[in-house]
Amino acid sequence: MSYIYDLVLQNGTVNDPANNLSGRYDLAVKDGKIAEIAPSISAGAAKDAVDVTGLNIIPGLVDLHMHASAWLGGRFAHKMMALAGVTTALDMSGPINSVLEIAKDYGCGLNIACINYVRPGDTVKDTNPSRAELENLLTDNLKAGAIGFKILGGHYPLTPEATATAIDVALERGAYLAFHAGSLATRSDIGGFQEAIKITANRNIHMAHINSYCRGRVIDCHAEAEIALSLLKENPNIVSESYLSPVNGTSGECKNGVPLSQVTVMCLEARNYETTEAGLEKAIYEGWAQVNQELGGVVILTTGQKAVDYWRSKNTDITISFAVNPEIPRLRIATARRDDSSYVVDCISTDGGGIPRNVTVEKGLALVRLEAMSMNDFARKASYNPARILGLVDKGHFSIGADADITVVDTNRLKPVMTFNQGQAVMHRGRIFGTGSTIITTPAGKETVTARGLTPLVVDSKETPFCTLR
Ligand SMILES: [Zn+2]
């Protein structure tokens with residue numbers, strides 16, 4: 001005699017949009033996979049039985065936009081995501097070496113993928129890198145374990161021509177391509193987004209944080225949101241996400257007396273601060289710019305003189321947040337639908353990780369409570385769609401044999417309660433049990449990931465292409 005299952009969750013409400021399941025079920029796990037979903041599974045059949053009466057069981061949250069590198073997000077990102085109910089996440093900038101280092105030293109049992117930035121003066125020589133330079137960069141990135149490129153146009157723009165070439169180079173190789181709209185010709189706003197749509201020219205890419213182009217910088221923010229939505233409807237090849245937090249996250253780094261990130265410059269302009277290092281210091285002191293400060297093992301937002309001192313102590317090279325995301329575009333963009341009733345914006349992301357805005361559960365469940373979306377809609381946007389965009393065919397759903405990546409949420413308290421990654425406990429009521437990290441990589445990166453003592457999860461985009469939903 002032995003146990004049939006390793007784990008059974010009893011008396012929960014299962015929400016699995018891929019299998020059109022929504023109702024009271026018990027869910028059993030065996031060898032890290034979903035083994036059975038039935039109205040009743042005996043507690044005696046499993047080594048471990050957990051009563052989740054009153055709670056909802058959804059496929060593990062997949063955050064398609066976060067930061068967990070020394071450059072952005074920092075070392076506590078894994079812990080902050082685990083506490084927020086996430087089981088899988090995509091770091092949207094790298095650098096890949098730092099992402100892997102943090103995943104090794106600070107891992108909390110999550111699945112992590114990374115795309116590496118194309119940044120002038122850093123990963124490429126200048127704002128107009130050649131095709132050959134971009135090809136070499138991609139080869140190096142894939143070998144190092146990343147799954148593709150992030151174009152940081154809004155922050156560190158390239159020429160429109162080089163932007164188009166970077167997209168070509170990534171897609172020719174089947175690599176992942178995400179684009180923060182903006183180039184040397186435009187900025188990180190609705191104008192930049194319109195240009196980005198043209199540059200993308202009907203190809204399969206991931207357009208980052210749609211809400212961030214709708215802050216009312218060019219015209220009224222509501223009108224900007226409608227423009228963004230109609231462009232996405234006309235370009236079904238583009239997959240996208242938006243986040244629900246009021247604050248953004250950008251770089252506080254200054255050189256020669258000015259902030260290096262164009263987003264930081266725009267955030268200062270938005271409240272008529274000087275777009276200089278002195279202007280940023282004043283904005284931190286007065287509270288418009290909020291410093292991301294490590295405190296007590298997590299990152300919090302701080303302002304005032306102490307925040308200025310912290311920023312200075314790090315030679316300005318830290319993350320800064322501004323409350324620049326108006327609420328109505330955020331809600332409209334998260335809930336807008338296409339004619340076939342699928343979502344215009346495919347995923348709820350956070351752009352969080354180590355930036356303190358991992359609010360998918362808190363704010364997403366608030367939308368469910370408002371009846372702006374159903375629980376199955378929420379699970380689709382926060383798990384199933386992003387898993388498919390990452391080419392993770394065994395995640396985001398509860399088909400028998402799928403990975404037992406599970407997030408249990410409390411819809412009354414708007415909080416994640418427990419998570420499992422392949423059947424292993426990651427988080428339970430605010431305590432973290434997960435260790436290590438699994439790195440989602442391509443065949444080219446498997447060796448590096450293994451050599452660094454991390455567990456590879458290989459996605460071969462020839463079989464399951466990235467950024468493909470429609
Ligand atoms: Zn980001």
Side-chain angles (χ1 to χ4, degrees), residues 66-81 83-84 91-95 98 102 106 117 119-122 152 154-157 180 182 187-189 209 212 215-217 243 245-327 350-359:
M66 65 83 181
H67 296 281
S69 76
W71 180 65
L72 206 57
R75 58 196 170 142
F76 298 133
H78 289 246
K79 179 172 158 183
M80 291 162 70
M81 289 189 282
L83 291 171
D91 178 284
M92 281 277 274
S93 63
S98 172
I102 285 177
Y106 294 89
Y117 53 38
R119 184 178 169 192
D122 187 324
L152 277 176
H155 289 275
Y156 310 102
H180 177 154
R187 303 184 81 184
S188 182
D189 57 24
H209 47 42
S212 75
R215 292 172 176 159
R217 209 191 74 86
Y243 61 86
S245 168
V247 302
N248 76 341
T250 180
S251 172
E253 188 181 8
C254 296
K255 273 217 174 95
N256 305 320
V258 290
L260 293 184
S261 165
Q262 288 309 300
V263 170
T264 305
V265 167
M266 289 166 68
C267 291
L268 292 172
E269 282 175 359
R271 288 288 169 96
N272 300 315
Y273 283 94
E274 259 185 58
T275 58
T276 60
E277 184 169 340
L280 179 54
E281 175 168 342
K282 187 161 182 253
I284 295 170
Y285 182 77
E286 293 179 352
W288 171 235
Q290 303 182 66
V291 165
N292 286 222
Q293 185 169 349
E294 287 185 352
L295 206 72
V298 292
V299 176
I300 58 160
L301 299 177
T302 59
T303 59
Q305 188 57 49
K306 279 199 172 135
V308 171
D309 295 344
Y310 184 81
W311 173 63
R312 288 277 169 217
S313 77
K314 303 286 182 185
N315 296 316
T316 73
D317 190 7
I318 54 169
T319 307
I320 305 275
S321 295
F322 297 85
V324 281
N325 301 309
E327 62 283 0
T350 65
D351 206 352
I355 304 168
R357 45 177 171 166
N358 299 296
V359 294

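The first residue in the sequence is number 1, and the count goes up from there.
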What's the spacing between T250 OG1 and D351 CG if we round to 0.5 Å? 10.0 Å

For E286, all residues meeting salt bridge (charged side-chain N to carboxylate O under 4.0 Å, His left out), sequence neighbours excluded: K282

Does the pair T302 and Q293 meet the rule for a side chain to side chain donor-acceptor pair (under 3.5 Å), with working shown? CA-CA 7 Å; T302 59; Q293 185 169 349; 3.0 Å; yes

Working for side-chain contact (heavy atoms from CB on, under 4.5 Å), residues V324 and V247: CA-CA 6 Å; V324 281; V247 302; over 6 Å; no

Of the options R312, K314, K306, which is the one that meets Y310 in a side chain to side chain contact (heavy atoms under 4.5 Å, CB included)? K314

Decide yes or no on side-chain contact (heavy atoms from CB on, under 4.5 Å) for R187 and M266, but give the supporting numbers first. CA-CA 9 Å; R187 303 184 81 184; M266 289 166 68; 3.1 Å; yes

Which pair of non-hydrogen atoms, one from A70 and one from I102, has the smallest distance, and what is that distance? N-CD1, 3.5 Å

After noting the C-alpha distance and the side-chain angles of H67 and S93, does the key distance pass the side chain to side chain donor-acceptor pair (under 3.5 Å) rule? CA-CA 7 Å; H67 296 281; S93 63; 3.2 Å; yes

Could you check if a side-chain atom of Y156 sits within less than 4.5 angstrom of a side-chain atom of S251, using non-hydrogen atoms only? yes

Where P120 and P157 come nearest, the two heavy atoms and their spacing: CG-O, 3.6 Å

Can you measure from OH (Y243) to CG (N325) and round to the nearest 0.5 angstrom? 4.0 Å

Distance col, row N292:CG vs W311:CH2, nearest 0.5 angstrom, shows 14.0 Å

Is the shortest side-chain heavy-atom distance between I320 and T264 below 4.5 Å? no

Does D189 use its side chain to pair, donor to acceptor, with the backbone of R217 at less than 3.5 Å? no

Which heavy atom of M81 sits nearest to which heavy atom of G353, and what is that distance? CG-CA, 3.7 Å

Residues L280 and C254: closest non-hydrogen pair is CD2-SG, 4.0 Å

Parallel, tilted or perpendicular, as decided by the 30° and 60° cut-offs, for the rings of F76 and Y106: perpendicular

To check you understand the geometry: which heavy-atom pair defines the closest contact between V299 and M80, and what is its length? N-SD, 3.6 Å

OG1 of T350 to CG of N358, rounded to nearest 0.5 Å, is 4.5 Å

Which is it for T275 and E269 under the side-chain contact (heavy atoms from CB on, under 4.5 Å) test, yes or no, and what are the steps along the way? CA-CA 7 Å; T275 58; E269 282 175 359; 3.6 Å; yes

Hey, what do you get for OG (S321) to CD1 (I300), rounding to the nearest 0.5 Å? 12.0 Å

Does the side chain of T303 reach to within under 4.5 Å of the side chain of Y285, using non-hydrogen atoms? no

Here's a test for you: under side chain to side chain contact (heavy atoms under 4.5 Å, CB included), which of T316, L260, D317 qualifies with K255? L260

Candidates H209, Q262, R215, H180 - the one meeting side-chain hydrogen bond (donor to acceptor under 3.5 Å, both in side chains) with S188: H180

So, the side chain of W288 versus the backbone of C267: is there a donor-acceptor pair under 3.5 Å, distance only? yes

Minimal non-hydrogen separation, H155 against G249, with atom names: CE1-O, 4.3 Å

Less than 4.5 Å apart, any side-chain heavy atom of P259 and any of L268? yes

Kindly compute the distance separating CG (L72) from CE (M66), expressed to the nearest 0.5 Å. 10.5 Å

